[in-house]
Asks: 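Handing you a structure now.
The sequence lines fix the lettering, A, B, ..., with proteins before strands; numbering per chain opens at 1.
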Amino acid sequence: MLPSNLRETVPISVRQRHKPVRTYRLRPPGESLQPTRKSRLAQVTAQHSTNPFTIITNSDQLKKACWLLEQAEAVGLDCETTHLDPYKGDIRLTQLSNDRHTYVIDHKHFHGPCGFQPLKQLLESLRPRTICHHAKFDQKWLLKKLGIQLGGIFDTMLASQLIHFNRKSHNLATLAKLYLGVTLDKTLQSSDWTGDLSETQLQYAVRDSQVLPPLRKALITKLSQDSLIRAAQLEFEAVPTVAAIELAGIYLDLERWKEQLTIITHQHQTLAAELQELLAAGAPQGTLFGHTQINLDAHPQILNALKRLNVPIDKSTKSNLLLPLAKQFPVVAKLLEYRPLSKALTSYGESWFTGINPITQRVHPDFNQIGAPTGRFSCTDPNIQQVPHTNGYRRCFRAPEGRTFCIVDYSQIELRILAEFSQDPAFLAAFRSGADLHKTTASQVFNISIDQVSPEQRDFAKRLNFGVVYGIGAPRFANMTGTSLREAEATLRRYFQTYRLLYNYLRDAATQALQDRQIRSASGRLVRYRFDPNNKEQVSSTRRKARNAPIQGTGSDIFKRALRLVGEELRGTSAQIVNIIHDEIVVEVDAYEAEDIGRRVSLRMVQAGEEYLTSVPIKAEPQITSEWIKD
DNA sequence: GTGAAGGGCCAC
DNA sequence: AAACGTGGCCCTTCAC
């Protein structure tokens, strides 16, 4: 069934695509900022076919506007701000559009959030729906400046990403052109919004929000055709939580980070010198300056140097290829020691403390809600989802005085999804028993009792379980475990004999996906594939992707549902989500409240999982810790 | 000088 | 030769 706020508005047979937006003659704005310029304004407007608009400068006008807008089924909303960072700038304008009219709130005439009560009431209710392009942006400003949490969002950017992830651009101008045949000029987006606004700036502001209601209709048609309504609802509902996470940021202990950096810098220098020496052994003699210095971070140079030393490699110096050679060649061993330090120094170095917001003293990364076609988040500036899990780095992320972290992550969510989808009895039983999964797998695959499973066998089973989700093959498995190809093949065979239905499911999913050139997650999220059926490599690559996508995609579905539920759960408490990493939520909370919040976050995450998985138990246990370090 | 591509490695 | 899915960041190299 469709969610109620979308259901009634899905057009059955209306084709909105390429239909030009209706044009209106300008009515003189009732409360223009600059009444003397009215006539010039009117001319410009007529040329560009803009909605009539009203400029709002006091709360009485706002009240009236909100009362009128309340009747609409959806309202386009767009904020123009004086900065990209809500901690550094202000909202300059807020435009609100129904199908006929645009109201432009001039925030310069308002002081503090008190005059915005009617707006808060309008936007926090489920209806009318608030239409935004990239709602996270507007939501952050509205939350920070006016304490408004959007009640029912329709995000045209997220909708477009769901419809076609691989499209190069999802910006508003592109969508307006594609779905409505309207050309939007975006050159004013980054103009100066601090002083008095020009007519063209106002035109720009109005046009940007007036396009949203018709665009929503067109997108609903498309979402409906592609059966993406449920997925869209899931995405939209997660937006306020994501906005709150970015606003909250996470505290980074600068002193600890610097300590770590100092340690790594020392080790790096030592290793660099040693490696340089070892590599020089193969260099041609008699250069003017003694040894020829090699740039240790230049892969082609390293490759050549290793070749000179008769290391049997061809064109790649990838670590997993070098690993077997480390014993025989000390220079290779040294290189493998050097590389992670080099990575650490560059990727987790000084750039992190320049990213600390001077006002909050915290790091505020940018979370891209649909970062992958499977629906996973991606994260930039900085990418806090890839901080090394060694304590040296993780201890730098700590709760401020009086507060603590509560970390809740799903236990093996993707493998549980695989169990559910395949309905494999042995795999399901492994989860239902509640025992250690990898031990259970080992006992089932090697046909021994759980008590007899050695640590090596458990590790083996763990690698098997994870590898299978990604469509691992025998060669890679052999390489990973250090066994022979023959042995690896035998092990994989035994694994799939143990979990017969699991094998069947993965096989059928891949076959079906190759046929349909698409596959869906549990929420209906669509992942499309383009490949040449005659190209073997492309076919097998697509097969592996298609095996993984429904699992990873459903993991994302569950996680996003959890974000919504947890976000709601935490309203009015001292807790705030400060980080999310695919299946893990990090909450910062007043210490006295931590136990209670931990239980509640865990319950909501389990609830989200249970909405999608019915055959396997969901586990998400809270850990309370002052640093971002898990057991 | 800038930007794309390739290689490598960090996370889940 | 590689044969494991999804990302982002950093470096070097190379073309423009």
Asks: Using atom CG of N465(A) as one end and atom P of dG5(C) as the other, report the distance to the nearest whole Å.
Replies: 18 Å

Asks: In whole angstrom, what separates L341(A)'s CG from dG8(B)'s C1'?
Replies: 15 Å

Asks: Just checking S541(A): base, sugar-phosphate only, or nothing, at a heavy-atom cut-off of under 4.0 Å?
Replies: nothing

Asks: Given atom NZ of K318(A) and atom P of dC4(C), what is their separation to the nearest angstrom?
Replies: 11 Å

Asks: Think S342(A) has a side-chain N or O under 4.0 angstrom from the OP1 or OP2 of dC10(C)?
Replies: no

Asks: Taking the minimum atom-to-atom distance to the side chain of K545(A), which one of dG8(C), dC9(B), dG5(C) wins?
Replies: dG5(C)

Asks: If each of N320(A) and T380(A) is mapped to the nucleotide of DNA chain C with the nearest heavy atom, which maps nearer the 5' terminus, i.e. the 5' end?
Replies: N320(A)

Asks: For dG8(B), does either OP1 or OP2 sit under 4.0 Å from a side-chain N or O belonging to T317(A)?
Replies: yes

Asks: Using the P atom as the point on both nucleotides, what is the distance between dG7(B) and dA2(C), in whole Å?
Replies: 11 Å

Asks: Need one value for V469(A): base, sugar-phosphate or nothing, where a base atom within 4.0 Å counts as base even if backbone is also close, heavy atoms only.
Replies: nothing

Asks: When we call it a touch if two heavy atoms are under 4.0 Å apart, what does Q301(A) touch: a base, just sugar-phosphate, or nothing?
Replies: sugar-phosphate

Asks: Rounded off to whole Å, could you give me the CG-to-P distance for the N368(A) and dC12(B) pair?
Replies: 19 Å

Asks: Which listed nucleotide (dT13(C), dC12(B), dG7(B)) is nearest to the side chain of H582(A)?
Replies: dC12(B)

Asks: Check this for me: does any side-chain nitrogen of one of D366(A) and K136(A) sit under 4.0 Å from a carboxylate oxygen of the other?
Replies: yes

Asks: Establish, with yes or no, whether the OP1 or OP2 oxygen of dT12(C) is under 4.0 angstrom from a side-chain nitrogen or oxygen of N295(A).
Replies: yes

Asks: For atom C1', what is the distance between dA5(B) and dC4(C), given to the nearest Å?
Replies: 23 Å

Asks: Taking the six-membered ring of F531(A) as reference, does the cationic atom of R517(A) (NZ for Lys, CZ for Arg) lie under 6.0 Å from its centre and within 45° of its axis?
Replies: yes

Asks: Between dA11(B), dC9(C), dC10(B), which one does the side chain of R394(A) approach most closely?
Replies: dA11(B)

Asks: Does the pair E237(A)/K560(A) count as a salt bridge with the N-to-O cut at 4.0 Å?
Replies: no

Asks: At under 4.0 Å between heavy atoms, what does G467(A) touch on the DNA or RNA strands: base, sugar-phosphate, or nothing?
Replies: nothing

Asks: Going by side-chain contact (heavy atoms from CB on, under 4.5 Å), W628(A) matches just one of N391(A), V578(A), I407(A). Which one?
Replies: I407(A)

Asks: Considering every strand and a 4.0 Å limit on heavy-atom distances, what is the contact class for Y348(A): base, sugar-phosphate, or nothing?
Replies: sugar-phosphate

Asks: For L321(A) and dG8(B), give me the distance from atom CG to atom C1', rounded to whole Å.
Replies: 11 Å

Asks: Hey, are E588(A) and R362(A) close enough for a salt bridge, meaning a charged N less than 4.0 Å from a carboxylate O?
Replies: yes

Asks: Between H299(A) and dT13(C), does any side-chain N or O lie under 4.0 Å from OP1 or OP2?
Replies: no

Asks: Write down the distance separating the C1' atoms in dA3(C) and dC10(B), rounded off to the nearest Å.
Replies: 23 Å

Asks: Taking CG from L296(A) and P from dT12(C), how many angstroms apart are they, rounded to a whole number?
Replies: 10 Å

Asks: Salt-bridged, R376(A) to E414(A), with N to O below 4.0 Å?
Replies: yes

Asks: Go through dG7(C), dT6(C), dC4(C) for me and flag the one nearest to the T374(A) side chain.
Replies: dT6(C)

Asks: Check every atom of dA11(B), dC9(C), dT12(C) against the side chain of D381(A) and return the nucleotide holding the closest atom.
Replies: dC9(C)

Asks: Looking at R376(A), does any N or O in its side chain come under 4.0 Å of the phosphate oxygens OP1/OP2 on dG7(C)?
Replies: no

Asks: From the options dC11(C), dG7(C), dT13(C), select the nucleotide whose nearest atom is closest to the side chain of T346(A).
Replies: dC11(C)

Asks: Given dC10(B), is OP1 or OP2 found less than 4.0 Å from the side-chain N or O atoms of S347(A)?
Replies: no

Asks: With a 4.0 Å cutoff (strictly under), does any side-chain N or O of Q385(A) reach OP1 or OP2 of dT6(C)?
Replies: no

Asks: For DNA chain C, whose closest nucleotide is more 5', that of D297(A) or that of L485(A)?
Replies: L485(A)

Asks: So, OP1 or OP2 of dG5(C): does either fall under 4.0 Å of a side-chain N or O from R544(A)?
Replies: yes

Asks: For the pair made of CZ in F377(A) and P in dG7(C), what is the distance, rounded to whole Å?
Replies: 14 Å

Asks: From NZ of K536(A) over to P of dA3(C), roughly how many Å is that when rounded to an integer?
Replies: 17 Å

Asks: Does a salt bridge link D459(A) with R463(A), judged by any charged N lying under 4.0 Å from a carboxylate O?
Replies: yes

Asks: Quick one: label S316(A) by what it contacts on the DNA or RNA (base, sugar-phosphate, nothing), any heavy atom closer than 4.0 Å.
Replies: sugar-phosphate

Asks: At under 4.0 Å between heavy atoms, what does R547(A) touch on the DNA or RNA strands: base, sugar-phosphate, or nothing?
Replies: nothing

Asks: Would you say a side-chain N or O of S351(A) is under 4.0 Å from OP1 or OP2 of dC10(C)?
Replies: yes

Asks: So if I take every side-chain heavy atom of K343(A) and compare against dG7(C), dG8(B), dT13(C), which nucleotide ends up nearest?
Replies: dG8(B)

Asks: If you measure from the Lys or Arg side-chain nitrogens to the Asp or Glu carboxylate oxygens, is any gap between D436(A) and K439(A) under 4.0 Å?
Replies: no

Asks: Classify the nucleic acid contact of P475(A) as base, sugar-phosphate or nothing, counting any heavy atom under 4.0 Å across all strands shown.
Replies: base

